[in-house]
Every structure is written in C-alpha cells, then in structure tokens.
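Residues take their numbers from the sequence shown, with the count starting at 1.
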Amino acid sequence: MINLEVPKKAGALINQAYQAAAEVFRPISRKYDRAEHSYPSELDMFAALLDGLNSSGEGGAGAAGVRRSEKDEKKGNRNGGNLNVVLGTIEMCWGDVGLLLSMPRQGLGNAAISSVATDEQLERFKGVWAAMAITEPGCGSDSAAITTTATVDGDDYIINGEKIFVTSGERADAVVVWASLDRSKGRAAIKSFVVEKGTPGFEVVRLEHKLGIRASDTAVLRFENCRVPRENLLGSPEIDTAKGFAGVMQTFDNTRPLVAAMAIGVTRAALEETRRILTEAGVRIDYDRPSHTQHAAAAAFLQLESDYEAAYLLTLESAWMADNRKPNSLQASMAKAKAGRTAVEVTLKCVELAGGYGYTEESLLEKWARDAKILDIFEGTQQIQQLIVARRILGKTSAELK
C-alpha cells in the first residue's frame with residue numbers, strides 16, 4: 001500500500017474532526033437514521049466551531065471555494081485550505097455522512113458561493129446556510145438541460161421552475177438555484193442565484209423519504225414568479241457563449257472533491273469495522289504474503305483496501321491542485337467517480353464478509369451500505385463523471401462526445 005503522510009499543520013484539525021465524529025456523530029448515528037427529518041440539534045455546537053475555524057483561515061470539514069479571479073491568483077496558494085477541508089470531511093464522514101450534510105452553514109450551496117461569488121457577495125452572504133438546487137424532474141445529471149428560468153424585470157429576476165433532491169432544502173437559510181437567463185442560448189445562459197427563505201413565490205413542497213443519509217433532509221422546491229434582487233446572481237450576469245458553461249461548472253471543481261472525501265470516510269469506516277470482525281473471527285490479514293495464498297476473506301479485504309487507497313490518493317490530488325491554483329476539473333471528476341463507486345462496492349462487500357451480523361442493525365455496516373449509494377449519484381453520477389473524464393482526456397466537447 002501507499003500511505004502518504006498528511007501535513008503536520010493539518011494534524012490538529014484532523015484530530016478535532018475525528019473526536020467530533022467518534023464522540024458525537026457515531027453515538028447518535030442510528031438515532032437520526034431512524035428519526036428521519038428530525039433536526040440533529042447536537043450539531044449546533046460544532047457548526048459554531050467550524051465557523052470559527054473557517055473565519056480564522058484554518059479551514060475545516062465544511063464548505064470552501066476554488067476561486068479563480070485575478071485578485072485571487074495574485075494571493076498565491078491557499079496554504080492547504082482545500083486539502084484541510086477534504087481531510088476534515090473524511091474524518092467527519094467516518095462518523096456519519098448524513099450528519100455532516102446536516103451541519104448548519106456547511107452546505108453545498110455555501111461551496112458554490114465561495115467558488116463564484118464576488119467579494120461583495122461573499123461578505124453579504126457570510127453566515128448564511130445555503131443549500132444548492134440543480135436537479136429538476138426532467139433534468140438529472142445533465143445540468144445543461146435545466147428548464148428553470150430567470151427573467152429580468154427591472155432591478156430583479158423572476159424565477160420560475162421546480163427543483164428536486166435538494167439537500168438541506170428545508171433547513172437552510174437560502175438556496176443557490178441554477179436557472180437559465182435565456183434558454184435559446186443554451187448552457188452559457190445558466191447562472192446561479194441566491195434565493196433566501198421567505199421570499200414570496202419560494203415554496204418547500206415536500207421532504208423525501210430516502211434509502212440512506214436519513215439524518216439529512218432532502219426537499220422538493222417550487223419557484224413561482226419568485227422575485228430575486230439582481231445582486232443575488234452569483235458572479236457575472238453576462239452570457240458568454242465562448243466561455244459556455246464553464247463559469248457555473250466551476251462550482252463542481254470544489255464540490256466533487258468534497259463528495260469524494262465523504263465517500264472516503266464511509267469506506268474507511270466500513271473497512272475498519274470489517275477488519276475488527278475478521279480479526280475476532282480468527283482471519284489474519286498478512287501484507288507480506290500474496291493475497292491468493294491467504295484466507296478468502298483476507299484476500300477480498302486486501303482488494304477492497306487497495307481500491308480505497310487509490311480513491312484516497314485521487315481525492316487528495318484534486319484538493320492539492322485546487323490549493324495550487326491548477327485547473328482540477330479532470331481530477332475532481334476522476335476522484336468523484338472512483339471514490340463514489342469504491343464506497344458502494346466496499347460497503348456492500350463488507351456487509352457480505354460480516355455475514356448475518358453485517359445485515360442487521362446491531363452493526364452500522366448495513367447503514368453505511370445504504371448511505372454510500374448516494375455518494376455515487378449526487379454531484380454527477382458515475383456515468384457522467386466517466387463522460388467528463390473521457391472528454392477531457394480525448395479533447396472532445398460535449399457536442400462531440402455525448
């Protein structure tokens with residue numbers, strides 16, 4: 001195996017995140033899995049802690065942005081900011097993914113704001129808990145097919161449309177909504193808008209019952225003649241057909257490594273629990289012998305662990321590139337694809353290796369297997385990530401390779 005040492009300066013953060021996961025997330029993990037849609041009030045204290053870490057520049061297991069403006073380029077590297085977020089997220093999701101997704105002010109919408117907002121918007125929306133609304137009833141992984149519209153009306157935009165599968169859609173203070181300024185201009189016209197709760201025409205239609213991450217609320221939202229101030233459009237209102245969809249898609253350069261980190265955390269949790277179970281059953285995992293000469297369960301475990309290591313390294317690479325101002329779209333998609341698929345395959349295999357015990361609620365293995373599936377779906381499915389990777393490697397456009 002290849003084991004990279006994490007930066008020493010990240011040690012304190014990792015330890016704090018691990019302690020929170022072990023002492024708070026794990027003990028209440030099953031409780032909120034059963035009590036779907038109940039808000040985990042135990043998280044309020046940790047949200048305040050993360051606010052302090054982020055404001056101090058230390059970073060944490062929460063939202064951060066990959067900014068590409070000229071002003072930000074002059075600042076140089078972010079001194080490990082994105083890597084810190086990834087490392088903290090891994091530890092927290094070792095505890096519970098759904099609970100991390102329920103953390104106030106650490107939503108995917110916050111990552112979007114951090115990535116593309118102007119300096120004035122960053123200050124104005126500071127402290128706001130933002131969800132992100134992309135998916136629609138007729139538009140899943142193909143974000144370019146968005147039908148929600150934003151029409152200029154004086155000093156406002158009028159938003160009309162419906163969004164589904166919005167994480168923290170009911171609990172968040174605001175939602176970052178993807179909508180088109182002019183559907184005739186295709187992808188380039190898609191922009192993101194901050195729509196605050198209580199805005200007339202903004203309605204939470206219902207909450208979904210889900211296979212996994214039940215601690216996190218997932219909502220259906222409707223926007224009917226919803227009036228939003230012009231200054232709530234994130235970034236530039238100009239429709240640049242030459243640049244195309246790149247401005248909005250930049251958000252994913254940040255959020256996909258975060259989702260990959262979530263998958264890494266769940267995968268590690270399942271592997272550690274399975275190792276304990278196998279050890280207690282007398283199965284020895286020997287790293288000095290070829291796997292085919294060992295117990296079948298040990299050989300299977302070694303294969304799972306190698307997949308985990310590959311996903312882990314890809315995830316760290318994508319975060320490192322963001323910190324060093326390198327375009328990381330390819331690496332972000334590679335990490336998301338590998339980590340998402342690995343989480344699903346590893347957790348299911350761990351349930352199998354643990355036998356009947358792994359299938360019952362006596363263990364968290366069955367819960368992790370349910371939680372893992374969404375990590376291969378949201379922020380772009382496995383198939384979409386592979387398509388993006390293929391386009392990048394082959395130098396094809398979306399029109400050339402569908």
Work out which heavy atom in [X] is nearest to a heavy atom in [Y]; give both atom names and the distance.
X	Y	result
L211	R370	O-NH1, 2.8 Å
E91	A17	CB-CB, 3.6 Å
D323	L83	OD2-N, 3.0 Å
P40	L99	CG-CD2, 3.7 Å
N328	A322	ND2-CB, 3.9 Å
L181	P237	CD1-O, 3.6 Å

Go through M103 and W129 one step at a time and tell me if the side-chain contact (heavy atoms from CB on, under 4.5 Å) criterion holds. CA-CA 9 Å; M103 293 284 285; W129 181 3; over 6 Å; no
Quick check: do [X] and [Y] have side-chain heavy atoms less than 4.5 Å from each other?
X	Y	value
S329	I388	no
L87	L316	yes
N225	R227	no
I146	K163	yes
R268	I90	yes
N232	E196	yes

Taking atom [atom1] of [X] as the centre, report whether more than 12 heavy atoms of other residues, nucleotides or ligands fall under 6.0 Å from it.
X	atom1	value
E224	CD	no
K373	NZ	no
Y359	OH	no

So, taking the atom named [atom1] in [X] and the one named [atom2] in [Y], what distance separates them when rounded to the nearest 0.5 Å?
X	Y	atom1	atom2	result
D33	K367	CG	NZ	5.0 Å
R230	D156	CZ	CG	8.5 Å
L375	T267	CG	OG1	8.0 Å
I213	L101	CD1	CG	5.5 Å
I14	N84	CD1	CG	8.0 Å
W368	D96	CH2	CG	9.5 Å

Could you check whether the rings of Y18 and W94 sit parallel, tilted or perpendicular, using 30° and 60° as the cut-offs? tilted
Could you go through the side-chain contact (heavy atoms from CB on, under 4.5 Å) check for V176 and F193 one step at a time? CA-CA 5 Å; V176 175; F193 303 80; over 6 Å; no
After noting the C-alpha distance and the side-chain angles of Y312 and E317, does the key distance pass the side-chain hydrogen bond (donor to acceptor under 3.5 Å, both in side chains) rule? CA-CA 9 Å; Y312 175 71; E317 180 188 27; over 6 Å; no
Step by step, would you call E273 with C350 a side-chain contact (heavy atoms from CB on, under 4.5 Å)? CA-CA 9 Å; E273 175 67 3; C350 286; over 6 Å; no
Salt bridge or not between [X] and [Y]? Use side-chain N to carboxylate O under 4.0 Å.
X	Y	value
E379	R256	no
E280	R276	yes
K338	D307	yes
E400	R391	no
R124	E120	yes
E272	R275	no

Verify the distance criterion only: is there a donor paired with an acceptor across the side chains of [X] and [Y] at less than 3.5 Å?
X	Y	result
D286	Q294	no
S291	Q303	no
R171	S102	yes
T360	E366	no
E305	Y287	yes

Would you confirm whether the ring centroid of F378 sits within less than 6.0 angstrom of the ring centroid of F165? no
In sequence, state the C-alpha distance, the side-chain angles, and the governing distance for I158 and C226, and then conclude on side-chain contact (heavy atoms from CB on, under 4.5 Å). CA-CA 5 Å; I158 306 299; C226 181; over 6 Å; no
Would E136 and T147 count as a side-chain hydrogen bond (donor to acceptor under 3.5 Å, both in side chains) here? Give the steps. CA-CA 8 Å; E136 299 179 357; T147 60; 2.7 Å; yes
